[in-house]
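For reference, the structure discussed in these notes is given below.
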Amino acid sequence: MSHIPSEFTVGGIYLPPSLVAGCLGVLLAYWTSRALNRRRLSRNLFYPPLVFVAFALLYTVIIGYLLIPF
Amino acid sequence: MDKVTAFKEAIKTGLAFASVFGIAMQFGWMNPYWAGWAVAVIAMTTTGASIRKGVLRIVGTIPGCLAALAIHALAPQDRWLFLLLTCIWVFFTSYLMVSRKKDSYLWVMACYVCLIILLSDLESSENMFESAVFRTVETVMGVVVYTLISVFLWPQSSRGVIRKSSAALVEGLNDIVHSCRDGLLDRQLFVESFKGVQSKTVRQLAQFEQFLQAEGSESHEVSEVSHLWERFHGLATALLETAGRWHSGFAELIRVDVQAVFPNLPAYFAGLDANFAAVSQVLAGRLPEDLPRPVSLANDPVALERLTPFDRAAVEVARQEMSRLALLTAELLECALELEGRVETAGEPEPMLVSGVRDRAATFPVPDWDHLRSAAFVAATTGVGFLIWILFDPPGHSGWFQFSGTIALLVALVPQLRASKLIGPVAVTSAVCLAIYVFVMPRLSTFLGLGSLLFITMFLNCYFLSGMARFFTSMAILNILQIQNHQVYSFVAMANAYIFFVMVFAYLFVMSYLLSSPRPEKAFLRLLHRFFRSAEFLMARKAANPVHESVVNRWLAAFHEHQLSSLPAKLAAWGGSIDQKRFPDNTPEQIEALVTGTQVLVYRIEQFLQAGAVRQTEHLARELHDDIMTWHVGIRDTFGRWAGNPESEPAAALAQRLEAGLTRLEGRIKEALNRAGGDVSREEGENFFRLLGGYRGVSEAALAYAQTAERIHWARWREERFS
């Protein structure tokens with residue numbers, strides 16, 4: 001697997017891959033938290049805001065490792 | 001506001017907005033958008049309201065500029081001292097912003113302008129004084145331009161609104177008294193009708209206050225007698241509270257033949273009606289031929305003797321509130337006469353008739369816990385923003401210190417406003433403005449083009465949007481378009497600014513967790529905990545009944561009294577923001593009933609605290625001291641348990657205990673009265689029954705609260721979940 005940072009261009013403007021991976025990570029964390037709320041599984045967590053941050057970081061790292069190297 | 005008026009107002013704002021940019025650019029003033037901000041923010045529905053906001057903006061700008069210069073002079077090369085002094089100023093101004101409703105905007109400006117001027121030139125402090133001067137001059141220019149346009153172009157005057165509003169308020173107060181009269185005489189509690197009239201009058205009171213400020217800024221005649229209008233407002237508020245306390249005790253009068261106990265009840269109500277009618281007439285500019293005679297309320301001692309001790313106690317409590325109501329209506333009439341110049345004011349105004357609890361609390365300045373928390377939130381957000389800037393320097397740079405502090409002020413003003421909910425609107429409006437910046441602005445070469453663009457954007461903003469949406473769109477227009485005298489286009493700078501605006505709201509959302517959860521149901525539980533802790537403290541203090549109390553203890557009592565009286569309104573605000581979709585088991589009506597239950601508890605605790613203390617020297621009190629203390633300790637412990645867990649005291653068990661306690665105490669009182677024979681003086685009897693009424697009132701209110709609280713799914717509220 002290549003670890004050369006990927007390039008994202010929108011209309012000729014380069015976006016940092018970490019920003020794209022970070023945004024996707026936050027979006028995935030948001031969807032996960034919604035799903036956990038819907039099934040009332042979040043009540044088993046000690047402090048959900050911290051878990052949200054952990055999810056966002058985890059997803060960002062996974063996306064960075066598998067899809068968008070940064 | 002109808003569509004035609006909204007169209008005219010949008011044209012006025014758009015015109016003022018484009019004009020101030022034109023003037024500032026013509027004279028080559030620094031940052032012309034400062035004047036644009038003044039126009040965008042002070043544009044209100046009436047000229048008076050705009051003038052008032054404009055004056056507050058100008059007056060607040062001056063201390064903000066001075067504070068910035070002082071901070072910079074004291075800490076020119078010491079970043080930590082700089083941060084400390086800034087956070088102290090931010091804390092101080094934010095506290096005043098949330099606690100002083102009348103001039104709240106002045107303190108917003110004092111805080112916000114200080115942050116702007118502190119970092120107006122990052123390269124050197126050389127231009128700082130110049131920035132402070134330009135900021136003040138452009139703010140004044142923005143206010144003057146908008147005021148001139150709003151005065152000469154389709155003026156929306158507030159003249160006369162205070163008269164109309166006061167007449168409507170008097171009518172509302174009269175309706176409240178009628179609702180109480182019907183409830184008392186017809187033996188039906190009419191809770192819904194009373195609540196309806198009460199909330200209508202509360203709205204009228206708030207509207208009256210707004211109109212008073214608006215018309216006071218526009219008319220010299222009104223500002224000259226503003227102290228009398230304020231007194232009128234204070235009396236109307238006291239009247240509303242007294243009627244609420246009186247009405248909360250109706251359930252205990254259900255077995256009492258009130259017409260037999262108060263033989264002159266029809267005359268009493270007729271007297272109140274006459275007072276209200278006279279106030280309305282005087283406010284309409286007509287002096288009644290005969291001023292109404294003072295209203296009095298007498299009871300029939302024989303009918304009173306026939307009542308059970310608890311019914312007698314309830315009558316005593318009601319009599320006190322009814323007498324207060326009569327006095328307040330007489331004072332209202334006197335105030336109206338003074339307003340019309342029919343009565344000469346003799347020096348100092350008379351002290352206002354408000355509850356004794358408030359009087360005691362007023363002697364000690366006590367902080368509001370929630371206001372302290374809000375101020376701490378703004379100071380912490382500013383401080384952490386500063387650290388983010390100097391340690392990581394992400395896109396936005398000094399904006400992390402300046403802008404996040406400013407938006408934190410907004411969140412502190414409306415704590416129910418979720419920063420996470422603002423991310424979407426800010427992202428969308430900023431994206432639209434970024435597109436204008438990229439695709440439209442580079443094509444403009446004259447002020448005619450730029451002025452037209454500014455006019456159109458502000459016109460559309462004011463015509464189609466209102467409230468927060470309008471504010472955030474104005475923010476996007478002013479911050480993303482970044483109009484300067486020497487316009488330089490930089491997509492990178494603006495794209496970074498866009499990312500920064502979105503990130504700063506996410507940062508604020510994270511910071512809102514710093515002090516405690518911003519979830520409405522969690523905030524509600526937290527407030528309820530404090531409510532019952534304060535109630536427990538005050539009950540314990542009453543039981544101890546100290547003759548000489550330390551200053552600290554009296555200050556603590558004033559603090560808890562303030563908490564108790566202010567918490568129901570905060571509970572109502574947080575209760576209204578609980579998302580019903582997340583908690584389908586509890587309807588908004590159930591939450592409203594719970595809040596009403598706390599308000600009734602406040603009324604009853606106030607009545608109880610005003611009732612005389614149990615004096616060992618008095619015959620009845622000595623005889624029944626132990627029984628009363630048992631009851632007292634029971635109520636205090638119940639409040640203590642509710643503070644820990646709102647469902648700890650089931651209503652059925654409480655009702656059973658209350659009934660058993662009432663029956664036992666009733667028997668003991670009869671025994672004591674028989675033993676005392678004629679030894680009990682009238683005054684001692686009244687004091688004792690007032691105190692007894694206080695105990696019973698608190699107990700009944702606590703029972704009613706417990707019944708309402710049982711319907712709430714507390715466990716669900718306490719559950720953790722993602723916001």
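Here is the naming used below: chain letters follow the sequence lines, and residue numbers restart at 1 for every chain.
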With chain A, which of Arg721(B), Arg718(B), Arg582(B) has the greatest number of heavy-atom pairs at distances under 4.5 Å?
Arg721(B)
Under 4.5 Å from a heavy atom of chain B, the part of [X] involved:
X        : value
Leu41(A) : neither
Tyr30(A) : neither
Leu36(A) : side chain
Arg38(A) : neither

Please look at Phe491(B) and chain A and tell me whether the side chain, the backbone, both or neither of the residue comes under 4.5 angstrom of a heavy atom of that chain.
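The side chain, not the backbone.
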Does any backbone or side-chain atom of Arg519(B) lie under 4.5 Å from a heavy atom of chain A? Answer side chain, backbone, both or neither.
neither
Atom CZ of Arg34(A) with >12 non-hydrogen neighbours under 6.0 angstrom
no
State whether the number of non-hydrogen atoms from other residues, nucleotides or ligands found under 6.0 Å of Trp714(B) atom CH2 is greater than 12.
yes
Working to the nearest 0.5 Å, report the span between OH of Tyr513(B) and OH of Tyr47(A).
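Between atom OH of Tyr513(B) and atom OH of Tyr47(A) there are 6.5 Å.
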To the nearest 0.5 Å, what is the distance between CG (Leu19(A)) and CE (Met503(B))?
8.0 Å
Give me the ring orientation class for Phe55(A) and Phe722(B): parallel if the planes are under 30° apart, tilted from 30 to 60°, perpendicular past 60°.
tilted
